[in-house]
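Only one structure is covered here, and it is reproduced in the block below.
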Amino acid sequence: MKPVQDIFPFLNQPKRVVITTHQKPDADAMGSSLALGHFLRQFGHTVSIISPTNWAGWVNWMPGAKDVLDYEKDKQKADGLLNEAEWLFCLDFNIFHRTKTMTEKLKEITCTKILIDHHQEPDVESFTYGTSDTSKSSTCEMVYDFIVDSGHSDKINEEIGECIYAGVVGDTGSFRFSSAHAGVHSLVADLKSRGLDHGKIHEGLFDNFLENRLRFVGHILLHRMEIFYEYNTALIAIPKSDLLKYHIKTGDTEGLVNFPQTIQGIKLVALVIDRDEERKWSFRSKGAFDCNTFARKYFEGGGHYNAAGGRSNDTLEQTVEKFKQAMKENESLLQ
Ligand code: 5GP
Ligand code: MN
């Protein structure tokens with residue numbers, strides 16, 4: 001994988017570009033894809049953004065989100081665009097299988113593939129150019145760096161600023177994680193000096209749910225959360241019946257994993273949701289507990305040190321049992 005800076009000389013040669021990101025894109029995945037799209041279009045590139053799956057309704061306020069293609073819904077059109085693409089940007093993921101049903105297509109096409117990502121263990125062999133940096137708060141920060149390093153910061157307009165800020169807020173837990181280093185605050189200062197209305201973005205991200213979602217949160221915290229004080233661990237297991245009862249849609253469960261972290265002393269939070277196709281895990285830790293290693297070892301997953309995810313084909317009951325076993329095996333790391 002050659003350095004991403006090597007493509008800067010070609011930025012002003014218009015191309016057919018596809019930008020894609022991980023399944024169920026969150027604020028960082030969607031924000032970075034849209035921001036890069038808004039940037040590249042200013043050079044005359046023809047840019048399409050393809051999400052492997054649908055996304056949360058509260059992402060739709062982002063400028064340009066309505067034009068994003070959902071691969072599962074629009075496969076034929078998306079395959080056509082991928083076949084024709086000269087540049088493929090892969091943002092906020094670093095291994096093709098995180099795009100689920102798009103995986104084979106991404107492997108098959110032979111265009112120039114460019115990675116911009118901040119997760120661990122990138123599949124560098126699969127990319128022509130790229131940047132992979134786990135010290136970055138978010139892929140949005142990396143897209144901002146890409147724009148500034150290319151010498152085109154004058155192209156940072158209102159749309160780009162809003163998308164980048166949303167992803168940075170999302171991935172830094174509103175600037176509380178250690179990943180919110182000084183450079184992140186400088187980035188925000190720069191966006192503010194360019195006229196960013198940050199309050200609007202916080203409303204878009206956090207005050208944009210329906211009543212059923214808040215009642216669902218109440219139900220989950222009351223009935224589905226277990227605390228294991230001897231392991232400083234909290235577990236939330238959500239059965240499918242709860243999702244149906246409260247009409248839960250993609251994105252409604254975002255942020256749930258953070259609630260148990262408000263309890264004094266909790267070091268690890270695990271959340272599992274009984275989705276149609278698999279049991280999906282989220283892990284969050286405080287301090288010295290490596291969620292990435294844990295998710296890789298027990299739940300075919302990965303991510304970052306303090307935030308990772310995983311999956312399982314077991315039933316909800318089986319995978320919860322496996323988690324409890326894993327928690328016991330890791331007792332010394334959880335003290
Ligand atoms: P979340 O719990 O918010 O879904 O994910 C937390 C972090 O772990 C994110 O950075 C996400 O990209 C990553 N992640 C989530 N699920 C998986 C997975 O199944 N595999 C890998 N490698 N990373 C994941
Ligand atoms: Mn990210």
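Every value quoted in this text rests on a predicted model; they were computed, and no experiment measured them. When a ligand or atom number is given, it counts from 1 through the structure's own listing order.
- Here His119 fails the criterion, with no N, O or S atom under 2.8 Å of the Mn ion (ligand 2).
- Taking the centre of each ring, Phe283 and Phe294 come in below the 6.0 Å mark.
- When NE2 of His118 and OD2 of Asp28 are joined through the Mn ion (ligand 2), the resulting angle is 100° to the nearest 10°.
- Side chains of Asn60 and Trp55: a donor-acceptor N/O pair is present below 3.5 angstrom, by distance only.
- Numbered from 1 in the order shown, with element, the atoms of ligand 1 that lie under 4.0 Å from a heavy atom of Gly303 read 8 (O), 13 (C), 23 (N).
- Side-chain contact check for Asp117 and Ser132: no donor-acceptor pair (N or O, by modelled atom type) lies under 3.5 Å.
- Among the atoms of Asp117, no N, O or S atom is found under 2.8 Å from the Mn ion (ligand 2).
- Between Phe299 and Trp281, the ring-plane angle classifies as tilted under the 30° and 60° cut-offs.
- Residues Asp171 and Ser138 bring no donor and acceptor atom of their side chains to less than 3.5 Å of each other.
- Using a 4.0 Å cutoff on heavy atoms, Arg296 does not count as a contact of ligand 1.
- The shortest heavy-atom distance from Lys280 to ligand 1 is under 4.0 Å.
- Of the charged side-chain nitrogens involved, at least one lies within less than 4.0 Å of a carboxylate oxygen, so that Lys324 and Glu226 count as a salt-bridged pair.
- The closest protein non-hydrogen atom to atom 24 (C) of ligand 1 is Gly302 O, 3.3 Å.
- Side-chain contact of Asp190 with Tyr144: a donor-acceptor pair under 3.5 Å is present, judged by distance alone.
- Scanning the protein heavy atoms around atom 10 (O) of ligand 1, the nearest turns out to be His119 NE2, 2.7 Å.
- Annotation: Arg284 places an N or O atom under 3.5 Å from an N or O atom of ligand 1; distance criterion only.
- Just one of Phe89, Phe96, Phe93, Tyr71 meets the side-chain contact (heavy atoms from CB on, under 4.5 Å) condition when paired with Thr20; it is Phe93.
- Taking the N/O/S atoms of Asp171 in turn, the shortest distance to the Mn ion (ligand 2) belongs to OD2.
- Of all N/O/S atoms in Asp92, OD1 sits nearest the Mn ion (ligand 2).
- Side-chain atoms of Asn292 and His304 form no donor-acceptor pair, as typed in the model, at a separation below 3.5 Å.
- With a heavy-atom cut-off of 4.0 Å, His304 touches ligand 1 through its side chain alone.
- The Mn ion (ligand 2) has no N, O or S atom of Asp26 inside 2.8 Å of it.
- The residue from Ser282, Gly309, Ala307 that puts a heavy atom closest to atom 4 (O) of ligand 1 is Ser282.
- Ionic pairing of Glu162 and Lys200 is present here: one or more N-O contacts between side-chain nitrogen and carboxylate oxygen are shorter than 4.0 angstrom.
- Note on ligand 1: Glu121 sits outside its first shell, no heavy atom being nearer than 4.0 Å.
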